[in-house]
Asker: 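What follows is a structure written as structure tokens; I'll ask about it next.
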Amino acid sequence: MSGPVFSPGRVRRKPLKKEVEAIDKVLERGALEIVFQPIFDVKEGNAFRFEVLTRGQSELFRDAGHMFDVATRSGQVGELGRLQRTIAVKLAPGKPLFINIHPGEFDHPWLIRPDDPIFRHSQDVYLEITESAPLSYFEQCINVLGELRKKGIRLAIDEFGAGFSNVKYISDLNPDIVKLDRELITGVSEGSRQFRLLQSVVQLCKDMGAMVVAEGIETPPELVLVERAGVDFCQ
């Protein structure tokens, strides 16, 4: 995933003045690069949805996740998330979208404002949060997502199985889509213990009522195995 990423292990130092000023410039100029990565139906081979990938245009930030982390500490994350959604919806008027949401955005009212561009998008919108987000922002997630789902917005959980697994919380969030972390798939072989684990995780997600996306598929054999494991989509 190349969108905003929550990293619990990062030291949450006070942002530097130059970092805050860099985000100010991003907001003033609308300087976010947005690209779209397709998510494919493993059986049909067609694009099911498109994930919004965000790249900040400043040398101060390693990636979009770093920029959103800094924006959270400086109180700018709500505006930055709004800018991301505005640009994405404008660039993809006919595409169903997955849009990454940084956990810090749940502390701000921007997401539930009635004029947010996701509510005007003609296609499905899935807000995507990392699996670790509910563990630290559970109450905010539940409250905000409840309001959004009343308005037709859907939920995707990313990086399931990446090391922060808490099935109870994910079950409580009741996601429409669960995206499996690449680590569950890397090196998998037919009949192996890892393959049986993959099958079990996929079945667990489906038992919770969620469709399943396998991330980071790079080879034809991997595609064959995730399909055999019951995965619905790949990325």
Asker: Does the plane of the ring in H102 sit parallel, tilted or perpendicular to the ring in F68? Use 30° and 60° as the thresholds.
Answerer: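 H102 vs F68 ring planes: parallel.
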Asker: I'd like to check the ring-ring contact (aromatic ring centres under 6.0 Å, His included) partners of F195; sequence neighbours left out, ordered by chain and number.
Answerer: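 Partners of F195 under the ring-ring contact (aromatic ring centres under 6.0 Å, His included) test: none.
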Asker: Kindly say whether V188 contributes a backbone atom to a donor-acceptor pair with the side chain of S192 at under 3.5 angstrom?
Answerer: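 No, because the side chain of S192 does not come within donor-acceptor range (under 3.5 Å) of the backbone of V188.
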Asker: To the closest 0.5 Å, what do you measure between CG (L91) and CD1 (I34)?
Answerer: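 Atom-to-atom, L91:CG and I34:CD1 are 7.5 Å apart.
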Asker: How long is the span from the CG atom in D41 to the CZ atom in F48, to the nearest 0.5 Å?
Answerer: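 Atom-to-atom, D41:CG and F48:CZ are 8.0 Å apart.
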Asker: Would you give the length of the straight line joining atom CG of L127 to atom CD1 of I157, rounded to the nearest 0.5 angstrom?
Answerer: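 Atom-to-atom, L127:CG and I157:CD1 are 10.5 Å apart.
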Asker: Do you know which two heavy atoms are closest between C234 and I217, and how far apart they sit?
Answerer: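 Distance-wise, the nearest heavy atoms are CB-CG1, 3.7 Å.
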Asker: Excluding sequence neighbours, so at least two apart, what forms salt bridge (Lys or Arg N to Asp or Glu O under 4.0 Å) with K206?
Answerer: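 For K206 the salt bridge (Lys or Arg N to Asp or Glu O under 4.0 Å) partners, ignoring immediate neighbours, are D232.
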Asker: Would you say the side-chain atoms of R154 pair up with the backbone N or O of D176, donor to acceptor, closer than 3.5 Å?
Answerer: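 Such a contact is absent between R154 side chain and D176 backbone.
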Asker: Please list, chain by chain and in numerical order, all residues satisfying side-chain hydrogen bond (donor to acceptor under 3.5 Å, both in side chains) with K90, sequence neighbours excluded.
Answerer: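 Once residues adjacent in sequence are excluded, K90 has no partner under the side-chain hydrogen bond (donor to acceptor under 3.5 Å, both in side chains) criterion.
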Asker: Counting N and O atoms only, with roles assigned by atom type, does the side chain of Q84 sit under 3.5 Å from a partner on the main chain of N100, one being a donor and the other an acceptor?
Answerer: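 Looks like yes, one N/O pair under 3.5 Å.
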Asker: Please enumerate all residues that pass ring-ring contact (aromatic ring centres under 6.0 Å, His included) together with Y126, with sequence neighbours excluded.
Answerer: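 With sequence neighbours excluded, Y126 shows a ring-ring contact (aromatic ring centres under 6.0 Å, His included) to F98, given in chain and number order.
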Asker: Does D181 use its side chain to pair, donor to acceptor, with the backbone of L184 at less than 3.5 Å?
Answerer: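 Checked: no pair found.
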Asker: Got a sec, which residues hit salt bridge (Lys or Arg N to Asp or Glu O under 4.0 Å) with R113, two or more places apart in sequence or on another chain?
Answerer: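 Once residues adjacent in sequence are excluded, the partners of R113 under the salt bridge (Lys or Arg N to Asp or Glu O under 4.0 Å) criterion are D115.
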Asker: What distance do E222 atom CD and T186 atom OG1 have between them, rounded to the nearest 0.5 Å?
Answerer: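 Rounded to the nearest 0.5 Å, the CD-OG1 separation comes to 6.5 Å.
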Asker: Are the side chain of E19 and the backbone N or O of L16 linked by a donor-acceptor pair below 3.5 Å?
Answerer: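 Side chain of E19 to backbone of L16, a donor-acceptor pair under 3.5 Å: yes, one is there.
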Asker: Closer than 4.0 angstrom, basic N to acidic O: yes or no for R82 and E79?
Answerer: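 No.
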Asker: Is a donor from one side chain sitting under 3.5 angstrom from an acceptor on the other, for Q203 and D207?
Answerer: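 On atom types as modelled, these side chains qualify, holding a pair under 3.5 Å.
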Asker: I need the I101 CD1 to F106 CZ distance, nearest 0.5 Å.
Answerer: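 Spacing of CD1 (I101) from CZ (F106) equals 6.5 Å.
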Asker: Could you tell me whether the side chain of H121 and the main chain of K95 form a donor-acceptor pair under 3.5 Å?
Answerer: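 Side chain of H121 to backbone of K95, a donor-acceptor pair under 3.5 Å: yes, one is there.
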Asker: Donor-acceptor check, side chain of S171 to backbone of V167, threshold 3.5 angstrom: yes or no?
Answerer: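 Side chain of S171 to backbone of V167, a donor-acceptor pair under 3.5 Å: no, none is there.
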Asker: Which one of L111, L97, V125 satisfies the side-chain contact (heavy atoms from CB on, under 4.5 Å) criterion with R85?
Answerer: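 Checked L111, L97, V125 against R85; only one passes side-chain contact (heavy atoms from CB on, under 4.5 Å): L111.
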Asker: In the hydrophobic clustering (ILVMFWY, side-chain contacts below 4.5 Å, transitive), which residues join F40, or is it alone?
Answerer: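 Members other than F40 - counting any ILVMFWY side chain reachable under 4.5 Å - there are none.
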Asker: Quick one: does F61's side chain get under 4.5 Å of I23's, heavy atoms only?
Answerer: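 A side-chain contact exists here, since the closest heavy-atom pair is under 4.5 Å.
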